[in-house]
Amino acid sequence: MTATQPTARHLVGRSEDVPEGGRCVVDVAGTTIGVFRFQDRLYAYENVCPHQGGPVCQGRLVPRVVEVLDEGKRTRGQRFDEDNLHIVCPWHGFEFSLATGTHPGNQRIRLREFPVTEEDGNVYVTV
């Protein structure tokens with residue numbers, strides 16, 4: 001087993017500690033992890049931005065901005081995609097898809113993800 005493989009499951013809180021559209025940032029086995037709930041799914045990421053180590057999980061959650069194009073591919077402005085939340089690192093504004101942990105402009109830049117489960121009103125992360 002390598003050092004980066006998950007090894008143990010840890011209780012991080014009650015289900016109500018991670019409300020819809022919200023988060024809970026906790027220390028688990030020496031690692032700070034942000035646990036998010038969006039559209040009834042849980043996501044867990046290390047609270048370290050790959051850009052310069054900022055506390056990414058403590059940043060704003062914002063809908064992705066998409067450009068609106070007409071039939072001729074001319075821009076007609078921008079809109080928010082409410083079904084695609086992004087985490088914005090508070091240090092330098094790097095954004096990451098909440099659903100995938102990837103940077104929208106470079107899929108190789110991504111947050112470190114952890115398995116997260118919910119059972120009997122409790123939320124667990126495997127680290």
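Note that the coordinates shown come from a computational prediction; the quantities given were computed from them, not determined experimentally.
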H103 side chain reached by H51 side chain, heavy atoms, under 4.5 Å
no
Locate the shortest heavy-atom distance separating C89 from P55; write the atom from each residue and the value.
SG-N, 4.5 Å
Closest heavy-atom pair, S15 versus N122, reported as atoms and distance to 0.1 Å, is OG-N, 3.6 Å
Closest heavy-atom pair and its distance - T126, F114:
O-CD2, 3.4 Å
Within this structure, what is the CG-NZ distance for the pair L69 and K73, rounded to the nearest 0.5 Å?
6.5 Å
Y43 and Y45 aromatic ring geometry - parallel, tilted or perpendicular at 30°/60° bounds:
parallel
Smallest heavy-atom separation, V56 atom then P90 atom, equals CA-CD, 4.2 Å
Side-chain touch V48/R112, heavy atoms, less than 4.5 angstrom:
no
Cluster link F38 to L61, ILVMFWY, side chain under 4.5 Å:
yes
Heavy atoms, side chains only, cut-off 4.5 Å: are Y124 and P115 in contact?
no
Give a yes or no answer on whether the side chain of R110 reaches the backbone of T100 with a donor-acceptor pair at less than 3.5 Å.
yes
Please tell me if the side chains of D17 and R14 come closer than 4.5 Å, counting only heavy atoms from C-beta onward.
yes
Show me the side-chain donor-acceptor pairs of residues 18-36 shorter than 3.5 Å, one per line, residues at least two apart or across chains.
| from | atom 1 | to | atom 2 | distance (Å) |
| --- | --- | --- | --- | --- |
| E20 | OE1 | Q39 | N | 3.4 |
| E20 | OE1 | D40 | N | 3.1 |
| E20 | OE2 | Q39 | N | 2.6 |
| R23 | NH1 | C57 | O | 2.7 |
| R23 | NH1 | G59 | O | 2.5 |
| R23 | NH2 | G59 | O | 3.0 |
| D27 | OD1 | T32 | OG1 | 2.4 |

Quick one: pull up OG1 in T102 and CD1 in I109 and give me the separation to the nearest 0.5 Å.
10.0 Å
Show the nearest heavy-atom pair for residues V116 and V125, with the distance to one decimal.
CG2-CG2, 4.0 Å
Tell me, yes or no, whether the heavy-atom count around R76 atom CZ, taken from other residues, nucleotides or ligands under 6.0 Å, exceeds 12.
yes
Contact check, side chains of P50 and F94, non-hydrogen atoms, under 4.5 Å
no
Please step through side chain to side chain contact (heavy atoms under 4.5 Å, CB included) for the pair V123 and L11, ending with a clear verdict.
CA-CA 6 Å; V123 176; L11 174 67; 5.9 Å; no
Taking side chain as C-beta onward, heavy atoms only, is T75 less than 4.5 Å from V68?
no
Please name the pair of heavy atoms, one in S97 and one in N84, separated by the smallest distance, quoted to 0.1 Å.
OG-OD1, 3.9 Å
